[in-house]
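Shown next, in structure tokens, is the structure this report addresses.
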Amino acid sequence: MNFWFFLLLSILKVALVLVVFLTSVAYTVLLERKLVGRIQNRWGPSRVGPFGLLQPLVDGAKLFLKEDMIPAGVYKPLYLLAPLIALGCSLLSIAVVPFGEPITWRGVKLFEIADLNIGLLIILGVTSISVYGIALAGWSSNNKYSLLGALRSSAQMVSYELALGLSLVGVVLRTGSLSLTDIVKVQSVHGIASWNLFGGGQILAFFIYLTAAYAETNRAPFDLPEAETELTGGYHTEYSSMKFAMFFMAEYGNMITVGCVATLLFLGGWTSPFGDLIPPPQNIFVHALMPILWFVAKVFSFLFLYIWVRGTVPRFRYDQLMGYGWKYLVPAAMLNIVGTSLIMAVFP
Amino acid sequence: MHLVLFLIFAAFCLAGAINLLLQTHPINSALSLIVVMSSLAVLYLLLGAEFLAAAQIIVYAGAVMVLFTFVVMLLNVGEEEKTHGSQVAKVIGFPAVVVILGVISTIVLEAQKHLGGVSLSDGVTTTQDLSRVLFHELLLPFELTSVLILIAILGAVALARKEGHS
């Protein structure tokens, strides 16, 4: 295999995934505003373009043109570094997500940037690093609200990371591999019946993952780090213009990544929910692109659920948040591990 | 390719370690330590120990250092003052460091002649091999270590508990 060809194709893949990812980030924001609007019985953005579809473009242009203010008391190196860390971590973990069947063309995987046999661990590692973006932003801003937001978020993310990691062990036990491609392959046999969520008996794990993921991404009902009624804006109070936009993009990017991981681990990834009931299409392009369609549809449903929860569930109190994470989610996740391993030992 | 990456990340690692000592603000030192940990993870990855690299990132860079920065932020520790250091440290300390480093490196270089080189990828590297060794062959020491950690946790809880608080 030619090295330069490999490099060129990899750069192309990265560029394509980046463009699609950032566009979906922008449109997830619109989706959220629309859906929350409907939940609250109003229209949401509807003026720019048909159904407000051009709103993300206008928002982007607005954020670019805003004045970029740096307050006098901030600790500048870290203040500038923090949004970069947040956005970087958000973009990094999408690199190991496989979007479609592992089709190789001239020795290069087509629907995945990098196929690693520890893909799941990489995602967990990046998640654990992404705390720094928020923590440093709050600390370097030299603002008491920012600092409170950052402290809350570090404590929350460290606590829920444990439940998140433990909830995935059941899936790994069933697969016997940390490779995301292998995890999907195990679920691809009988369509919806062999998904980890249903056939794999990982419903409890899915619930724990869902809750912990909401907390990890600082989303409602666990959005205490930016609880606007108490902390004005939380950790990003002192940020403006594109630096604020970077935090915003990081948050929605994390939502999408979490949706991708949930799809791969519990919802059968790119495989069709009907299994072999529908014969595979004859056309080779349709055959290659159908899995991506299923993948996107599953991620979309997950994002829909995310926004639905945000629109309907009230925010937790801080002690409730900590108690819930440590006293209920972590023991439940351990119970799931013990149960899964017992079942696997009895019915090998 | 591997050599170039090794040189880059070894340089990162050393620069982070030196920066850790030179910085006066605790949070900068903590961040330098994160750089050291992450470059170490990349070095493990270059040796073919993928699981070890991921564990290094998740446990050290992700969990331990987050607690460090959390404590620094919570206590709002200020900058340290630069002192000139003791004269004894300068006169005896630096030569002692040079001597110790020299002794260690000569011993290692001597031993290398007899032992020959070993690359990490020859041994236990994959997640499966690693777990087989940990949970089969070394089960007792492994479990004893976890009991040790449990004792430490219980000790911390006992110390942190307020007197007379039921």
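Just so we're clear, the structure is a prediction, and the values are computed from it rather than from any experiment.
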Exercise. Which atom pair, heavy atoms only, marks the closest approach of Ser154(A) to Phe70(B)?
Worked result: CB-CD1, 3.7 Å
For this session: Can you see which heavy atom on Leu121(A) is nearest to which on Ile58(B), and at what distance?
Result: O-CD1, 3.7 Å
Exercise. For Leu78(A), is it the side chain, the backbone, both or neither that has a heavy atom under 4.5 Å from a heavy atom of chain B?
Worked result: side chain
For this session: Evaluate the side-chain proximity of Leu136(A) to Leu31(B): yes if any heavy-atom separation is below 4.5 Å, no if none is.
Result: yes
Exercise. Above 12 or not: heavy atoms from other molecules or residues under 6.0 Å from OH of Tyr318(A)?
Worked result: yes
For this session: Write down the atom of Met73(B), the atom of Ala150(A), and the distance for their closest heavy-atom approach.
Result: CE-CB, 3.9 Å
Exercise. Does any heavy atom of chain B fall under 4.5 Å from the side chain of Leu81(A), the backbone, both, or neither of them?
Worked result: neither
Exercise. Heavy-atom distance under 4.5 Å to chain A: side chain of Ala61(B), backbone, both or neither?
Worked result: both
Exercise. Minimum heavy-atom separation for Tyr132(A) to Val66(B), with atom names?
Worked result: OH-N, 3.2 Å
Exercise. Looking only at heavy atoms, which two atoms of Ser128(A) and Gly62(B) are closest? And how far apart?
Worked result: OG-CA, 3.6 Å
